[in-house]
Structure formats: C-alpha cells, structure tokens
2 protein chains.
Amino acid sequence: MINEQTANPKIASTIQRQVNRAKILRTLRTLQPVARVDLARETGLSRATVSSIVDELVLESLVEEIGATTSRGGRRPILLRVRPGREGRSAIGFELSRNNLTGVVVDLHGRVIATHRELLPAGQLEPAGLVELVRQQVERLTGPQAPAAHNLVGIGLGVPGLVNPDTGFVQLAAQFGWHSVPLKEMLEERLKVPVKVMNNVKAAALGEVIYSNDTPDHSPNPRLYLSLGEGIGSGLIIEGKLLSGASYTAGEFGHITVAPNGPLCTCGNTGCLEAVAGLPALVSRYLELARLEEPNRLTTTPGEFPFLTSARFLEAVSAGDRLAGRVVAEAAEQIATALAGVINFTNPELIILGGPLGQVGAALLDPLNQALRRRALPLPLSQVRLITASLGVNAAGLGLGATLISQLSEVVLSR
Amino acid sequence: MINEQTANPKIASTIQRQVNRAKILRTLRTLQPVARVDLARETGLSRATVSSIVDELVLESLVEEIGATTSRGGRRPILLRVRPGREGRSAIGFELSRNNLTGVVVDLHGRVIATHRELLPAGQLEPAGLVELVRQQVERLTGPQAPAAHNLVGIGLGVPGLVNPDTGFVQLAAQFGWHSVPLKEMLEERLKVPVKVMNNVKAAALGEVIYSNDTPDHSPNPRLYLSLGEGIGSGLIIEGKLLSGASYTAGEFGHITVAPNGPLCTCGNTGCLEAVAGLPALVSRYLELARLEEPNRLTTTPGEFPFLTSARFLEAVSAGDRLAGRVVAEAAEQIATALAGVINFTNPELIILGGPLGQVGAALLDPLNQALRRRALPLPLSQVRLITASLGVNAAGLGLGATLISQLSEVVLSR
DNA sequence: ATACTAAGTTTAGGTACTAAACAAACTTCT
DNA sequence: AGAAGTTTGTTTAGTACCTAAACTTAGTAT
C-alpha cells in the first residue's frame with residue numbers, strides 16, 4: 001500500500017541544505033502566501049538558493065504555486081504556499097483510550113482533513129490486534145486504494161501507559177495488560193511508514209500547546225498541559241520539546257505532595273494531589289458532604305451510592321450544584337498548591353487545563369486563580385497565561401500529527 | 001589590553017564547517033590524545049577534512065600536536081590534544097557574593113589554572129566599581145602585560161540577583177541595591193572580550209553539574225542543583241541547557257509549598273519550604289527546642305540569643321549536636337516533600353546538594369533519603385543519583401568558565 | 001634491499017552557496 | 001505607443017567545503 005520509492009526524496013542532503021530548507025519552510029508557513037523574493041529577504045538567502053530549494057519542495061508535494069499576484073512595480077511575484085489538503089502531504093495521529101481508537105488526518109497546514117473514532121472490540125485488546133485496527137483506520141482515512149499514500153509523512157499513536165517515545169517501546173500499559181511491547185517496530189513493519197508512539201497525555205500536551213496559538217512553536221519557555229481527571233497527569237514542553245525524563249515518567253503532576261499528612265495515595269505516599277483532587281476523591285468528598293448536610297437524602301438510599309460516577313459529578317458541577325461547586329473549589333485550592341510550586345520552579349509562560357475536570361470553567365478557574373495569587377510568586381505568576389484546553393478527543397492525535405509534520409522541517413545533526 | 005584582531009578567527013564559516021569543527025573538538029576532548037585517522041573514523045569525516053579542520057584549530061591555539069606515537073604497522077600517527085594551560089585558550093569565571101569577588105581561570109581541558117578571591121571594598125558597591133574590580137582581577141589572573149590575553153575566550157560573572165542571561169541585564173540585585181544594570185554591556189565595553197552574566201546559583205548549578213562527571217555533558221535528562229542556605233534556590237539543567245523560564249526566575253525551589261498551613265513566608269505565601277527549612281528557620285527552631293528541653297540554659301542568658309548564627313548552627317550540626325541534628329532531620333523531611341514532587345515531575349537523573357546546609361553530610365542525607373523513599377515514586381526515584389556538591393566557592397566561576405569554553409564548539413543556527 | 005602498511009596530504013570532482021548578469025513581465029513617463 | 005525603469009525569477013561564474021582516490025611520508029616485516 002505504500003510506495004517506498006517516492007516516500008522521501010530528501011535522503012542525502014547536506015546539513016547546509018537541511019538548515020536552509022527548514023528556514024524556508026518555517027518562513028513559508030508563517031508568511032504564506034508569499035513570493036520567492038520575500039522568502040529570500042526574510043531568510044537572508046539569495047534568490048537563487050530560494051528558487052532551487054522551492055523547486056525541490058514543489059517536487060516533494062510540500063509547496064505549491066498559487067499564481068501571480070498584483071505587481072509591485074515590476075514583474076508580478078508568484079505566490080507560494082504550503083500545499084494543503086490531500087494533495088499535499090499529511091500525517092495521521094491516533095489516540096488509544098480505554099474504549100476507543102481515535103484517528104485524525106492532519107495536513108501540512110496543521111488542519112484536520114478527516115477524523116474517525118471507533119469503539120474498541122469487546123474483550124482483551126492484544127498489541128497485534130491494535131496494529132490491525134490502526135491499519136484498517138489508516139486505510140479508511142486515506143482511502144482504500146490509498147491514492148495519496150505516498151504522501152503520508154507518518155503515523156503517530158498515543159497510548160495510555162509508560163512509553164519510551166524515542167524507541168516507541170511500550171514498557172507498561174496497565175489498562176491493556178501490556179508489558180514491553182515494541183509497538184513502533186510492529187506498526188512500521190506492518191504499515192511501512194515512519195511511526196511515532198508516545199504517552200497519550202503527552203501527545204495531548206503537544207497538541208494543545210501547538211494549537212493554542214498562544215506562543216510561538218519553538219518558544220524556549222516552559223509550557224504546561226495539565227490533565228485533570230481520574231488521574232492527574234501533565235506534559236511539560238521546553239524549547240518546543242516534550243520533557244521525557246530519565247525514566248520517561250516526567251510530568252507526574254498528580255503525585256506532588258500537597259497535604260503532607262493527608263490521605264494515603266495508591267502510590268504509597270500520603271497527601272498526593274491525586275489522592276485529594278483526582279475525580280474519585282472528589283466524588284467521595286461530595287458524598288461525605290452530602291451526608292453531613294442531609295443525612296437522610298443519601299444515607300437512607302444506599303443503593304444510590306454506586307451511581308454517583310465521575311461523569312455525573314461533573315454534570316452536577318456544570319449544572320451549578322452548590323455542593324459540587326464547593327468540592328471543586330476545595331480541589332482547586334489543592335491543585336493551586338501544587339501548581340504554584342511548578343510555576344515558581346519552572347516559570348512557564350502558558351498553562352493549559354485539560355481533562356474532564358479542566359473543562360468545567362469558572363467553578364474551577366475562579367478559586368484556582370485566587371489561590372494561585374496567594375501561593376505563587378508574583379513575578380512568575382504575572383508571566384503565565386492560564387487557559388482551557390480546546391481540542392477535546394482529538395488533542396493527542398493532533399499533537400502527534402503536528403509533530404510528524406513539523407519533523408519535515410527539522411535539522412538532524414547526527415552526533 | 002585585548003587584541004581584537006586575533007581574538008576570533010572563525011568569524012565567517014559555513015554551517016557545515018561549524019558542525020564538523022564541533023564534532024572534531026568534541027571527539028578530541030573525549031578521546032585525547034588521539035590521531036587524525038582516529039578522529040576521521042570516529043566522526044565519519046574524511047581524513048582530508050579532518051586535516052584541514054585540525055590545521056585551523058591549531059592556528060587558533062585550540063589544539064596542538066604532541067609528537068608521534070608508536071607505529072601500528074606503518075607511518076606513526078601524530079597525536080593531537082586540546083591545548084592545555086595558558087598556551088591554549090582560557091576563560092575566566094567570577095562569582096560576586098555578598099562580601100567577595102572570586103575569580104577562576106579555566107583552560108580548554110576545563111582545569112583550573114589560577115584562582116583569586118578578594119574581599120569587596122567597604123561601603124556600597126556600584127556597578128561601575130564592580131567593573132573596575134573585575135578588570136583588575138582579569139589583569140592579575142592573566143598577568144599585567146596580559147601576554148595570553150588574545151587567548152581569552154571570554155569572561156563570566158555570577159551575580160546574586162535576577163539576571164537575564166541572554167542579555168546580561170541585571171534586573172535586580174537587592175544585596176547591592178541594583179536595578180536595571182546592563183552589566184554585560186558595561187563589562188564588554190571596558191574589557192573588550194565576550195562577557196556572560198547570569199545568576200550566581202545558576203552558574204554554580206552549571207559548574208557542579210558539568211564537573212560532577214556523573215553524566216554526559218549534553219544528557220537530555222534533567223539535572224538539578226539545589227542550594228540550601230539562608231535562602232533555597234536551584235538550577236535545573238535540561239538537554240545540557242540551564243532553564244531560565246519566562247521571567248528568568250525558573251528554579252525557585254524555596255517557594256514550593258510544603259506545609260499549606262505553615263508559617264508565613266517573606267513572599268506572602270504560607271508554608272514555603274524556605275520558611276521552614278531555610279537556615280534562619282532552622283536556627284529559630286533550634287532555639288525553640290533548646291528552650292523546651294532546658295528552659296534554664298538559654299532563657300537565663302538572653303544575651304546569648306543573637307549569637308546563634310547560621311554558621312554556628314552548622315558547626316553544631318557537624319559537631320554532632322543532638323538537637324541540631326534533630327532540627328536538620330526535620331528540615332530534611334520538608335525538603336524531601338518538595339524534592340519528591342520535583343523528582344516525580346521532572347524525572348531527573350542527577351541531584352546535587354549544595355549550599356552550606358547541603359554540605360553537612362549524613363545528618364541531612366540520611367533522613368532526606370528516607371523521606372524520599374516514602375514520598376517519591378519508585379521508578380523516577382530509582383533513576384536519580386543524589387550527590388553532594390564538590391566545588392565549594394569556585395562552583396559558579398567554574399560553571400561560567402566551562403560554559404564559555406564549551407561555546408567554542410557550539411553550532412549557531414541563526415534562526 | 002624489497003615489499004607491505006598505515007598516516008597524513010594533495011588532487012579531482014561534486015554539492016551548494018552567493019553575486020552578478022540576464023530574462024521576463026510588469027508600470028510609468030513622455 | 002514606445003522608451004525607460006522596476007521588480008521577480010533564472011542563469012552563470014566563482015567560491016567554500018566536502019569526499020574518494022591517488023600520492024607522499026614514514027614506519028615494519030621478510
């Protein structure tokens with residue numbers, strides 16, 4: 001299904017060339033539509049070099065001419081742009097969650113050109129089964145005859161678990177009972193395209209940060225994506241790169257201690273943020289408060305207890321339920337304690353709140369901002385913008401897709 | 001005093017050349033003494049290119065031949081090494097502290113070839129006065145006629161305060177009453193060499209990390225230097241680069257909340273680590289405990305109170321004073337709470353304990369390690385090595401010197 | 001002595017850049 | 001309308017820097 005010959009014509013180019021290609025692509029992306037002269041002026045390269053590189057990029061389906069524009073006193077400039085849609089090249093990002101596989105096709109502009117979401121089959125999901133599911137979705141998303149398959153830059157997959165993003169090796173994915181699965185290898189073997197595998201929350205972090213349009217893609221400053229849900233995780237992006245850490249576990253925000261003598265956490269520590277502000281803790285707290293306030297309402301109907309799910313709790317929050325609001329406000333206080341520490345320590349320029357609890361709006365944001373003003377240092381706090389995630393279930397897919405796309409204009413200095 | 005002409009012959013070289021120069025210098029540093037053939041094999045460059053670049057490096061006093069070695073069956077290889085000592089090139093790193101100016105000359109091997117430490121003159125220190133002091137020390141350290149002055153790569157200065165390391169602009173140095181001082185500009189103007197100005201704790205972080213010889217210089221993984229003293233600061237190094245943050249305040253470890261309802265901190269928050277484990281807090285705690293245990297010893301001689309300085313407290317710790325040990329153990333518990341959070345969140349491979357309190361040894365390390373085992377996640381904890389700082393007062397100077405030296409083999413991809 | 005081998009240099013050829021000349025496609029001025 | 005001037009994009013000539021291969025140098029082995 002994949003034509004290897006045409007897949008990547010820029011195999012052997014010098015470092016010089018790579019750098020200049022990257023310069024041109026970067027400038028093109030930000031200034032498009034734009035003429036060669038302007039690219040030359042902007043990049044500092046000669047017009048000759050720009051022409052030569054643009055020719056290459058056109059051959060590779062990365063760039064296209066979109067006709068001449070109005071004259072500026074002489075010959076009319078020919079406008080160029082990054083080639084959009086299925087005619088240009090594209091990447092597919094997938095997210096594997098407990099019950100779904102969600103795929104997104106991203107074009108060279110970073111725009112979504114197709115999505116597909118499907119339920120996982122019942123029963124235990126084996127790695128080989130996932131590979132097959134991904135293959136099917138790739139076919140569906142690119143078309144059965146895969147007409148533009150040679151234009152596929154690569155595919156990415158976000159997995160809930162411990163993944164080494166360099167090797168694409170899944171060390172542990174507890175939800176599926178996986179240990180030591182070379183998922184990247186398996187997918188590349190089957191699909192014959194470059195594959196990127198990483199943790200799903202981290203992929204979502206990349207997506208939300210890149211698509212926030214709040215800060216330049218390669219800003220050196222830390223940007224943090226916080227996922228607030230059953231668990232509390234995060235992705236920290238520094239110099240445009242996701243921080244992995246020595247054992248690929250960087251970003252464990254949920255196990256920061258916020259109440260030294262607090263409740264026992266599943267990790268063995270006491271007072272972890274997750275133990276006091278994870279959704280299960282909030283549900284318990286809600287029940288506790290409800291019982292205190294109206295001993296009759298809930299204690300007399302014990303059958304109702306198991307039915308207060310996280311989802312229902314969040315509905316109650318959105319509906320303006322007073323008690324639920326109070327529980328969220330308490331959680332916000334705890335989250336702020338950990339977040340203030342991270343703001344002081346890493347001095348980020350952007351924080352994006354995601355995950356189910358991150359989306360509830362003012363019920364969380366107001367008390368959170370208040371507490372941050374008390375707990376964080378004024379200077380770093382003044383530099384950070386706190387916003388809400390906006391990509392929903394496509395976040396991880398978009399992050400992976402955009403990452404693959406941006407690798408097209410990356411310089412590889414082989415050590 | 002400085003000859004600008006000979007200062008930097010590698011002004012206009014292509015990116016290709018820069019990359020290859022860097023490759024060769026890196027390999028040379030790790031494999032020296034080494035012959036051209038081996039450099040060629042190791043770097044993948046042709047012997048011709050290696051010869052050409054080595055010629056350049058020799059001209060620039062960066063590299064020297066040290067004669068032929070034994071034959072391996074044919075012509076004897078000529079060994080090369082990075083040129084050591086004053087004959088090679090060198091950099092000078094300074095640290096400005098409350099009372100001293102400490103200078104260190106570092107050669108291309110990263111070795112100290114001279115140091116000088118002097119008391120600051122009495123009275124208010126003005127920026128212009130500091131510039132003059134630095135100039136004098138540079139002259140003393142390189143010799144009055146500055147014979148090797150053209151071999152000076154640059155000078156660095158660590159300042160206790162808020163510094164933008166890119167511009168060398170000191171935004172605030174409270175100890176000296178400085179606001180908005182363009183110190184780098186002033187020093188470059190006066191000394192006619194490249195100057196790097198940064199925060200002193202961060203410079204020390206670079207020094208301790210680089211000289212720890214524990215991890216490769218450009219390890220992607222986070223490495224943390226913790227300075228425990230009156231205040232508690234840190235420097236976080238990721239991908240071999242110091243993290244600055246959006247307002248150049250990254251590394252504020254002392255204002256992580258470890259006791260949400262604890263004592264008020266100078267920053268306005270309650271329960272900051274610094275407020276419970278900074279040296280002043282430990283001294284107070286010691287007096288409190290002493291009073292409880294032996295109401296007579298201290299309360300009857302009130303004149304003794306002001307004499308318990310931080311220095312004396314640390315002596316008591318070293319002397320094995322039981323109470324002091326208990327106070328340090330309590331502090332270790334608090335430090336571990338914050339540190340566990342940082343270990344979980346950044347997943348570092350190395351943590352270096354510095355500052356006066358960081359040096360007390362087992363009194364701190366034992367309870368700290370114990371508490372970390374309780375509080376930090378097992379996987380990231382298992383990847384981190386916790387060691388003690390080893391460079392003393394020269395840490396910042398060495399960090400700056402080594403940074404300047406390593407900039408010689410850095411590739412600048414002007415965006 | 002002769003043959004072999006390895007290290008380092010020189011040479012010929014290729015890639016990729018720039019400056020400058022040129023060609024193409026406009027506008028403006030008389 | 002025709003000549004002159006502008007601007008864009010391409011071609012050309014020259015330069016920097018790489019590699020492969022030939023060559024020189026300086027040894028060892030027989």
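If A:Ser46 and B:Glu65 are placed on DNA chain C by their nearest nucleotide, the residue sitting closer to the 5' end is B:Glu65.
The salt bridge (Lys or Arg N to Asp or Glu O under 4.0 Å) check on B:Arg72 picks up B:Asp38, with sequence neighbours excluded. For the salt bridge (Lys or Arg N to Asp or Glu O under 4.0 Å) test, residues two or more places apart in sequence or in another chain that qualify with B:Lys184 are B:Glu188. For A:Ala246, the side-chain contact (heavy atoms from CB on, under 4.5 Å) partners two or more places apart in sequence, or in a different chain, are B:Asn221, B:Asn347, B:Glu349, B:Gln383. Shown here are the salt bridge (Lys or Arg N to Asp or Glu O under 4.0 Å) partners of B:Glu65, two or more places apart in sequence or in another chain: B:Arg36. For B:Val209, the side-chain contact (heavy atoms from CB on, under 4.5 Å) criterion is met by B:Arg223, B:Ile237, B:Ile352, not counting sequence neighbours. Residues meeting the salt bridge (Lys or Arg N to Asp or Glu O under 4.0 Å) test with B:Arg190, sequence neighbours left out: B:Glu132. Applying the side-chain contact (heavy atoms from CB on, under 4.5 Å) test to B:Ser52 and every residue at least two apart in sequence or in another chain returns B:Arg17.
Per the geometry, CG belonging to B:Leu79 stands 11 Å off P belonging to C:dA7, to the nearest Å. For the pair B:Leu80 CG and C:dG8 C1', the computed distance is 11 Å after rounding to whole Å. In this entry the distance linking CG of B:Leu45 with C1' of C:dG8 reads 15 Å, nearest Å. Rounded to a whole Å, the CZ atom of B:Arg17 is 18 Å from the P atom of C:dA16. A straight line from CD1 of A:Ile78 to C1' of C:dA23 spans 13 Å, rounded to a whole angstrom. One can place CD of B:Glu56 at 13 Å from C1' of D:dC18, the figure rounded to the nearest angstrom. Rounded to an integer number of Å, the gap from CZ of B:Arg21 to C1' of D:dA16 is 15 Å. Regarding A:Ile24, its CD1 atom lies at a distance of 12 Å from the P atom of D:dG9, rounded to whole Å.
No donor-acceptor contact under 3.5 angstrom links the side chains of A:Thr142 and A:Arg86, judged on distance only. With 3.5 Å as the limit, one finds a donor-acceptor pair spanning the side chains of A:Thr49 and A:Ser46.
Each side chain to side chain donor-acceptor pair (under 3.5 Å) pair with one or both residues in residues 74-84 of chain A, not counting sequence neighbours, appears once here: A:Glu64-A:Arg81, A:Glu64-A:Arg83.
Not one N or O on the side chain of A:Asn151 forms a donor-acceptor pair closer than 3.5 Å with the backbone of A:Arg89. A side-chain donor-acceptor contact under 3.5 Å links B:Thr30 to the backbone of B:Thr27. The main-chain N or O of A:Gly399 is found under 3.5 Å from a side-chain atom of A:Thr403 such that the two form a donor-acceptor pair.
Among the nucleotides C:dA7, D:dC17, D:dT8, the one closest to any side-chain atom of B:Pro77 is C:dA7. The listed nucleotides are D:dG9, C:dA16, D:dT12; the one nearest the side chain of A:Ala48 is D:dT12. Side-chain proximity of B:Ile53 to the nucleotides D:dC17, D:dC18, C:dT18 is greatest for D:dC18.
Considering only side-chain N and O atoms, B:Thr49 lies under 4.0 angstrom from the phosphate OP1 or OP2 of D:dT19. For B:Ser51 and C:dG8, the shortest distance from a side-chain N or O to OP1 or OP2 is not below 4.0 Å. A close approach under 4.0 Å does occur between a side-chain nitrogen or oxygen of B:Asn20 and OP1 or OP2 of D:dC18. For the pair A:Arg72 and D:dT8, the criterion of a side-chain N or O lying under 4.0 Å from OP1 or OP2 is met.
Proximity of residues 31-40 of chain B to DNA chain C (heavy atom under 4.0 angstrom from any strand atom) is restricted to B:Ala35, B:Arg36, B:Val37.
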* Produce a footprint string for nucleotides 23-30 of chain D: one letter per nucleotide, 5' end first; B if the base is under 4.0 Å from any protein heavy atom, S if only the sugar-phosphate is, - if neither. => --BBBS--
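Salt-bridge annotation for A:Glu239 and B:Lys241: present, with a side-chain N of the basic residue lying under 4.0 Å from a carboxylate O of the acidic one.
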Name the pairs: protein N/O against N/O of nucleotides 28-30 of chain C, kept only if under 3.5 Å.
none

* So B:Arg21 and B:Glu410, salt bridge (Lys or Arg N to Asp or Glu O under 4.0 Å) or not? Walk me through it. -> CA-CA 9 Å; B:Arg21 278 176 57 107; B:Glu410 237 162 47; over 6 Å; no
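Comparing the end axes of the helix from C:dA1-D:dT30 to C:dT30-D:dA1, each fitted to five base pairs by superposing C1' atoms of four pairs onto the next four, gives an inter-axis angle of 20° (nearest 10 degrees).
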